[in-house]
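Small disclaimer: the values here were computed from a predicted structure and weren't measured.
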Amino acid sequence: MTIRVLVVDDQAIVRDGLVTVLSLVPDLQVTGEAADGAEAIVAVDRDAPDVVLMDLRMPGTDGPTATARIVADHPQVAVLVLTTYADDESIVTALRAGARGYLTKDAGRAEIATAIRAVASGQSTFDATVGARLVAQLAGGGATASAPAVPPLRDRFPDLTPREADVLERIAAGRTNPQIAAELFLTVPTVKSYVNQVFAKLGVATRAEAVARVLR
């Protein structure tokens with residue numbers, strides 16, 4: 001399946017580079033590009049991409065504002081943030097707006113392509129630095145004025161068992177089932193069972209919905 005991608009960045013040289021790089025990946029097709037959030041909203045309405053590769057800080061309509069609008073109007077479209085910034089406020093603001101993934105611009109072509117495929121399939125994905133910061137947020141640390149710390153998961157979701165909370169924390173940090181299994185010393189089938197139990201208790205069907213539920 002070919003994944004249709006819209007590239008959004010206010011710097012023309014960055015957009016050109018991303019379009020060139022993504023055009024070399026056989027299963028990705030760039031449907032267009034946008035210089036700010038307002039253009040991105042129009043382009044999504046017009047071209048119906050599967051994934052929007054979204055910068056955060058742009059003049060006019062910024063990335064989080066555009067993300068929230070796109071997700072509200074087109075819930076089937078996945079937003080993957082690609083930005084220079086990896087501070088707690090930027091990460092949490094983007095994810096609360098509805099982004100399914102978050103990468104910094106240090107990412108290479110293979111990592112970006114893998115992340116695009118992941119969010120297109122309903123997964124959440126983050127690079128290592130972002131994942132570590134998100135885990136800290138989920139543990140209740142790293143508050144800022146505009147993005148206060150998320151209360152600990154076990155306090156927010158008392159129906160979850162301690163192990164289910166551990167699994168949810170790792171889902172929200174973008175871990176795959178094999179990675180969760182390795183970190184928690186469980187088998188992959190056991191992790192799948194826990195994931196299903198977590199989804200049932202949260203009333204969600206995908207990892208992306210679980211992340212949104214956590215950051216609501």
Side-chain angles (χ1 to χ4, degrees), residues 1-3 5 22 25-28 50-53 71 75-82 86 88 91-92 94-96 98-104 106-142 150-216:
M1 182 184 71
T2 299
I3 301 172
V5 183
L22 296 180
V25 182
D27 61 335
L28 303 183
D50 301 303
V51 175
V52 178
L53 195 59
V71 170
Q76 77 282 5
V77 176
V79 176
L80 172 62
V81 169
L82 181 66
D88 292 346
I91 295 167
V92 174
L95 296 180
R96 285 179 173 164
R100 289 189 194 172
Y102 196 113
L103 299 177
T104 64
D106 292 332
R109 181 178 69 182
E111 186 176 0
I112 294 172
T114 298
I116 289 172
R117 296 185 191 105
V119 298
S121 66
Q123 303 291 314
S124 56
T125 184
F126 314 101
D127 68 23
T129 300
V130 172
R133 287 185 174 275
L134 185 55
V135 168
Q137 280 284 340
L138 294 175
V150 179
L153 290 180
R154 295 179 191 180
D155 294 343
R156 298 183 59 217
F157 303 104
D159 288 344
L160 297 181
T161 66
R163 181 58 81 191
E164 289 167 352
D166 289 340
V167 170
L168 177 57
E169 180 178 289
R170 285 159 176 80
I171 290 172
R175 305 287 199 276
T176 63
N177 285 353
Q179 290 171 332
I180 295 172
E183 291 182 12
L184 297 180
F185 303 101
L186 301 170
T187 65
V188 173
T190 299
V191 170
K192 288 181 179 178
S193 177
Y194 278 124
V195 170
N196 289 335
Q197 292 168 22
V198 168
F199 283 5
K201 290 183 178 182
L202 295 186
V204 301
T206 68
R207 280 171 138 80
E209 290 175 356
V211 174
R213 181 80 168 80
V214 166
L215 294 173
R216 188 173 300 163

Engineer: Looking only at heavy atoms, which two atoms of Gly101 and Leu80 are closest? And how far apart?
Structural biologist: C-CD1, 3.5 Å
Engineer: Taking side-chain contact (heavy atoms from CB on, under 4.5 Å) as the test, write out the residues that go with Asp166, two or more places apart.
Structural biologist: Arg154, Arg163, Arg170, Leu184
Engineer: Should Leu202 and Leu168 be marked as a side chain to side chain contact (heavy atoms under 4.5 Å, CB included) after you check the CA-CA gap, both sets of side-chain angles, and the distance that decides it?
Structural biologist: CA-CA 10 Å; Leu202 295 186; Leu168 177 57; 3.9 Å; yes
Engineer: Between the main-chain N or O of Val119 and the side-chain N or O of Thr125, is there a donor-acceptor pair closer than 3.5 Å?
Structural biologist: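 Not confirmed, Thr125 side chain does not pair with Val119 backbone.
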Engineer: Do you know the tightest heavy-atom contact between Leu28 and Thr2?
Structural biologist: C-CG2, 4.3 Å
Engineer: Drop me the distance from Asp50's CG to Arg117's CZ, to the nearest 0.5 angstrom.
Structural biologist: 13.0 Å
Engineer: Checking side chain to side chain contact (heavy atoms under 4.5 Å, CB included) for the pair Ile171/Tyr194: CA distance, chi angles, key distance, verdict?
Structural biologist: CA-CA 11 Å; Ile171 290 172; Tyr194 278 124; over 6 Å; no
Engineer: Do you know which two heavy atoms are closest between Asp159 and Lys201, and how far apart they sit?
Structural biologist: O-NZ, 2.9 Å
Engineer: Apply side chain to side chain contact (heavy atoms under 4.5 Å, CB included) to residues Leu22 and Leu53 and explain how you reach the verdict.
Structural biologist: CA-CA 11 Å; Leu22 296 180; Leu53 195 59; 4.0 Å; yes
Engineer: Kindly give the heavy-atom pair with the smallest separation between Ala115 and Leu103, and that separation in Å.
Structural biologist: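 Shortest heavy-atom separation between Ala115 and Leu103 comes out as CB-CD1, 3.6 Å.
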Engineer: Which distance, rounded to the nearest 0.5 Å, do you find between the CD of Gln123 and the OG1 of Thr114?
Structural biologist: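 Gln123 atom CD to Thr114 atom OG1 measures 12.5 Å (nearest 0.5 Å).
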Engineer: At their closest point, which heavy atom of Arg100 faces which heavy atom of Ala78, and how far apart are they?
Structural biologist: NH1-CB, 3.5 Å
Engineer: Drop me the distance from Ile116's CD1 to Ile3's CD1, to the nearest 0.5 angstrom.
Structural biologist: 7.5 Å
Engineer: Less than 4.5 Å apart, side chain to side chain, heavy atoms only: is that true for Ile180 and Leu186?
Structural biologist: no
